[in-house]
Amino acid sequence: MPHTLASLVNHTALKLTVLAGEDRLDVPVRWAHASELIDPVPYMEGGELLLITALKLDAADPDTARRYVRRVAEAGVVGLGFAVGVNYEEVPQALVDAARERHLPLLAVPRRTPFIAISKAVSAAVAADQYRAVTAGFEAQRELTRAALGAEGPAELLARLAAHLDGWAALYDASGAVVAAAPDWAARRAARLAQDVARLRERPAPASAVVSDTDGDDRVELQSLGTGRRARGVLAVGTAAPLGTAERYAVHAAVALLTLTTERSRALQDAEQRLGAAVLKMLLAGEPDHARAVAGRLYGGLLDAPFRVLVAEPVPADDQQPSPKLSTPFERGDPPAQGGPPSPPWGAGAPSVLDALADALDSAAARSGEAVLAVPDVGRLIVLVADGGAAAGACAEFAAAAEARLGAQPRPRGRSAREAAGRGTEGLAAGLSAPTGPMAAATAYRQAEQALAVARRRGRVLVEHADVAAGSVLPLLADDAVHAFADGLLRALREHDATGRGDLVASLRAWLARHGQWDAAAADLGVHRHTLRYRMRRVEEILGRSLDDPDVRMELWLALKATSVPPGE
């Protein structure tokens with residue numbers, strides 16, 4: 001425990017007498033210092049017992065004594081020791097009265113007690129206190145290490161740490177979810193700190209922060225875990241008072257042990273990622289049997305039940321671009337070599353939105369005990385999740401939260417994808433396939449890419465292939481490239497109509513709408529069927545294409561529909 005003025009007064013060899021401030025003797029003493037300066041305040045740090053003989057101080061003058069006591073008290077000096085029989089035979093009453101007014105302890109130091117004896121006593125007590133703290137810290141380290149190596153791992157470590165701190169402790173995973181807490185009631189308190197934990201996770205590790213629990217009297221300290229660019233977890237400790245030396249040792253030991261655990265887990269995750277990349281490559285190459293053999297127990301359960309393929313990529317809100325052409329994974333870069341180092345998760349300048357999505361899926365899968373296969377692929381994330389599983393649910397929750405945060409709601413006609421995706425904020429676009437099995441994994445991947453393209457176009461965070469298949473193809477005609485094709489195909493007809501020599505575009509639209517029925521189309525136009533036949537021959541002559549070809553009729557119909565939908569809608 002800290003050395004106090006009371007312990008000095010009770011020190012039989014020092015024979016100190018208390019003249020003032022009897023009710024403040026339980027204040028800790030950080031050091032003892034002798035000074036004869038009229039104003040020693042600039043050289044004080046606070047917590048000192050100031051020893052004086054009043055060599056230069058007129059301690060008998062009430063005003064001088066009052067000013068002196070006020071100055072040292074405000075500087076944090078915890079007590080005055082006055083040497084009796086040196087410059088004054090007794091402690092001046094003016095100094096005693098000033099000390100009583102400020103409730104500052106004043107100790108009379110007999111002539112036979114040198115100041116050095118008091119300094120040695122304080123120094124010895126401080127050293128003993130530090131030794132006790134270091135010893136307790138080392139004991140806490142040993143105990144926490146045994147707990148970390150035990151069967152219960154982090155849970156037992158948190159329980160031991162909370163006991164050492166006489167408080168509570170909680171561990172958050174890379175997604176910010178509480179994975180363990182001690183005592184059990186601390187999980188609810190830790191959950192209230194989600195926003196503080198999220199802010200800390202945005203800073204490079206290691207990082208720390210001190211926050212206040214608004215619903216309690218706790219002082220909560222947060223420490224990030226991990227040695228890389230991104231925090232792998234966060235440790236929270238709550239105590240009623242600031243941490244002492246021994247408690248600080250215990251927290252540092254816990255941070256080191258948990259960081260070691262998370263870094264070891266990351267090494268395993270890297271190995272799993274290489275294995276997952278190999279499994280995915282085999283699935284998409286049409287080799288499900290080989291994929292099952294490589295998957296083993298790690299991913300075998302995922303391949304034994306219906307799964308879905310998710311393809312996600314970041315979407316800068318200020319740079320919306322059409323989705324790239326469909327391609328097989330790893331065509332955009334080499335696959336991770338088996339046995340070699342994995343590819344960088346997302347490349348240089350890794351998009352945090354993909355990190356967050358991967359963390360959310362991993363955390364949900366870990367809590368439910370299911371497998372999830374996630375493979376970074378040059379700025380994209382490709383994931384296999386169990387159909388109807390926790391990871392699939394976490395993906396939907398993540399998308400809903402992202403849309404709420406970025407304002408990326410389903411885009412109404414006339415609203416651009418850039419407006420829908422948010423303003424100046426990195427967003428996410430993802431496509432989810434229909435449930436499938438290993439034999440049709442390549443088809444599921446194409447479905448996910450198609451859904452991703454629609455998500456980017458519509459400013460959505462997540463689109464399922466089932467929604468695309470159940471919808472209409474017409475919204476897809478709003479693409480600028482489709483408009484350019486349609487304008488080029490119909491330009492000659494529009495130029496002909498502009499000369500006033502006929503209405504070929506309207507006639508073509510009516511004829512196609514009536515499936516080539518001359519009488520019905522002519523009636524719609526209000527012309528004779530022979531006039532319509534003449535116009536269709538002119539269309540064929542101008543375009544140089546036969547309307548008997550179903551592909552030509554399809555292209556012309558889509559071109560007419562595309563030019564009726566404004567670009568970007």
Side-chain angles (χ1 to χ4, degrees), residues 320-327 410-418 420 431 443 446-447 449-460 463 465-569:
Q320 293 286 319
Q321 297 291 337
S323 181
K325 68 179 181 66
L326 300 185
S327 58
R411 179 167 58 92
R413 292 176 63 87
R415 183 180 178 189
S416 69
R418 180 177 303 171
T443 300
R446 288 192 293 272
Q447 292 177 351
E449 283 241 349
Q450 292 164 356
L452 170 63
V454 175
R456 288 183 63 103
R457 183 180 311 282
R458 298 180 182 176
R460 295 285 302 277
V463 170
H465 186 264
D467 296 336
V468 176
S472 170
V473 73
L474 296 182
L476 302 180
L477 302 181
D479 185 82
D480 290 338
V482 176
H483 269 266
F485 167 79
D487 288 339
L489 184 59
L490 300 175
R491 182 180 299 114
L493 299 182
R494 296 188 187 282
E495 291 175 351
H496 174 275
D497 291 348
T499 64
R501 292 178 293 170
D503 196 356
L504 299 186
V505 174
S507 299
L508 176 62
R509 188 190 306 274
W511 185 75
L512 291 174
R514 288 294 187 173
H515 311 291
Q517 298 177 20
W518 299 103
D519 291 338
D524 290 342
L525 293 169
V527 299
H528 196 276
R529 66 177 180 274
H530 295 310
T531 301
L532 180 59
R533 286 181 182 273
Y534 169 76
R535 290 180 180 178
M536 292 302 99
R537 284 196 300 271
R538 288 293 294 148
V539 168
E540 290 179 320
E541 292 170 0
I542 292 173
L543 296 180
R545 308 178 75 175
S546 173
L547 294 178
D548 292 333
D549 188 336
D551 289 339
V552 172
R553 294 197 300 271
M554 177 193 68
E555 290 181 359
L556 289 171
W557 179 249
L558 291 179
L560 290 168
K561 298 298 292 185
T563 53
S564 67
V565 179
E569 286 199 1

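FYI, the numbering just counts along the sequence from 1.
Without hydrogens or angle criteria, Arg553 side chain to Asp548 main chain gives a donor-acceptor distance under 3.5 Å.
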Stepwise side-chain contact (heavy atoms from CB on, under 4.5 Å) test for Trp511 and Gln517 = CA-CA 7 Å; Trp511 185 75; Gln517 298 177 20; over 6 Å; no
Go through Thr443 and Arg446 one step at a time and tell me if the side-chain contact (heavy atoms from CB on, under 4.5 Å) criterion holds.
-> CA-CA 5 Å; Thr443 300; Arg446 288 192 293 272; 3.3 Å; yes
For Leu532 and Ser507, what are the C-alpha separation, side-chain angles and deciding distance, and is it a side-chain contact (heavy atoms from CB on, under 4.5 Å)?
-> CA-CA 7 Å; Leu532 180 59; Ser507 299; 3.9 Å; yes
Report the C-alpha distance between Leu512 and Leu547 in whole Å, list the side-chain angles of each, state the deciding distance to 0.1 Å, and finish with yes or no for side-chain contact (heavy atoms from CB on, under 4.5 Å).
-> CA-CA 10 Å; Leu512 291 174; Leu547 294 178; 5.6 Å; no
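Closest non-hydrogen pair, Glu555 versus Phe485, comes out as OE1-CZ, 4.3 Å. The minimum heavy-atom distance linking Ala486 with Ala562 is given by the pair CB-CB, 4.1 Å. Taking both residues in full, the closest heavy atoms of Ala451 and His465 are given as CB-N, 3.9 Å, listed atom of the first, atom of the second, then distance.
Of the charged side-chain nitrogens involved, at least one lies within less than 4.0 Å of a carboxylate oxygen, so that Arg538 and Glu541 count as a salt-bridged pair.
Taking the side chain as every heavy atom from C-beta outward, Leu490 and Leu543 never approach each other to under 4.5 Å.
Interatomic distance, CG of Leu508 versus CG of Asp497, reported as 10.0 Å (0.5 Å rounding). Taking CZ of Arg457 as the reference point, atom CG of Leu452 lies at 11.0 Å (rounded to 0.5 Å). Going from atom CG of Asp503 over to atom CG of Leu525 covers 7.5 Å, rounded to the nearest 0.5 Å. Between Trp518 atom CH2 and Met536 atom CE the span is 6.5 Å, to the nearest 0.5 Å. The structure places CD1 of Ile542 at 12.0 Å from CZ of Arg535, a figure rounded to the nearest 0.5 Å.
Across Leu489, Asp551, Val539, a single residue satisfies side-chain contact (heavy atoms from CB on, under 4.5 Å) together with Arg545, and that is Leu489.
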